[in-house]
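Working notes, beginning with the structure itself.
The analysis underlying the following values was restricted to heavy atoms, covering all of them including side chains, and did not include hydrogens, waters or symmetry mates. Counting from 1, the numbers follow the sequence of the chain as shown.
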Amino acid sequence: PSQATSIVPFNVKGVHPSDVATLLGIDNICVRSGKLCAEPYVTTLNPEGIVRASFGVYNTAEDVEVFVDAVRTIHSRHS
């Protein structure tokens with residue numbers, strides 16, 4: 001679909017983007033965090049940066065579930 005994307009930028013309220021990336025990394029979930037070569041735009045969203053997850057054809061539905069569960073856990077522990 002023309003509106004589909006495999007790139008998901010997000011933040012977890014109250015948790016620095018680099019901390020989110022580190023916590024996800026502990027669970028072997030690889031994301032990027034920071035200004036992501038788009039500093040003017042990202043700064044308007046959050047001066048500290050954002051987290052970006054990228055999904056590809058190699059990801060399974062289980063990968064997505066593990067990612068969502070991990071983000072929910074981070075959110076629940078820090079909210």
Side-chain angles (χ1 to χ4, degrees):
S2 63
Q3 295 179 357
T5 183
S6 62
I7 299 172
V8 182
F10 68 97
N11 280 303
V12 176
K13 187 175 183 179
V15 186
H16 194 279
S18 63
D19 294 337
V20 173
T22 298
L23 292 168
L24 290 172
I26 291 169
D27 290 330
N28 292 320
I29 300 169
C30 298
V31 295
R32 289 205 52 217
S33 66
K35 303 294 174 95
L36 308 176
C37 300
E39 186 169 350
Y41 175 67
V42 171
T43 300
T44 66
L45 300 174
N46 181 358
E48 296 178 333
I50 60 174
V51 183
R52 184 188 77 203
S54 302
F55 298 95
V57 296
Y58 45 81
N59 292 111
T60 65
E62 181 182 354
D63 292 337
V64 176
E65 290 176 24
V66 168
F67 166 74
V68 171
D69 288 343
V71 172
R72 284 184 177 148
T73 298
I74 293 168
H75 177 264
S76 67
R77 289 183 180 170
H78 296 90
S79 60

Checklist line | Side chain to side chain, T60 and D63, heavy atoms closer than 4.5 Å | finding: yes
Show me, pair by pair, the donor-acceptor contacts under 3.5 angstrom made by side chains of residues 13-23, not counting sequence neighbours?
unit_1	atom_1	unit_2	atom_2	d
H16	ND1	S18	N	3.1
H16	ND1	S18	OG	2.9
T22	OG1	S18	O	2.9

Next item on the list: Taking the side chain as every heavy atom from C-beta outward, state whether D27 and F67 have any pair of such atoms under 4.5 Å apart.
Entry: no
Check: Taking S6 for the side chain and F55 for the main chain, is one N or O donor matched with an acceptor at less than 3.5 Å?
Finding: yes
Note to self: I'd like to know if I50 and V12 are part of one continuous hydrophobic network [Ile/Leu/Val/Met/Phe/Trp/Tyr, side-chain heavy atoms within less than 4.5 Å].
What the structure shows: no
Checklist line | hydrophobic_cluster_shared for I26 and V68, side chain cutoff 4.5 Å | finding: yes
Item checked: Least distance between heavy atoms, N59 atom then S54 atom -> OD1-O, 4.1 Å
Margin query: Once rounded to the nearest 0.5 Å, what's the spacing between atom OG1 of T73 and atom NE2 of H75?
Written below: 11.5 Å
Note to self: Quick check: closest heavy atoms across N11 and G49, and the distance to 0.1 Å?
What the structure shows: OD1-O, 3.2 Å
Checklist line | I7 CD1 to L36 CG distance, which is reported to the nearest 0.5 Å | finding: 10.0 Å
Next item on the list: Would you confirm whether T43, through its side chain, and P40, through its main-chain N or O, come within 3.5 Å as a donor-acceptor pair?
Entry: no
Checklist line | Nearest non-hydrogen partners of V8 and F10, listed with the distance | finding: O-CD2, 3.6 Å
Next item on the list: Please name the pair of heavy atoms, one in K35 and one in V42, separated by the smallest distance, quoted to 0.1 Å.
Entry: O-CG2, 3.3 Å
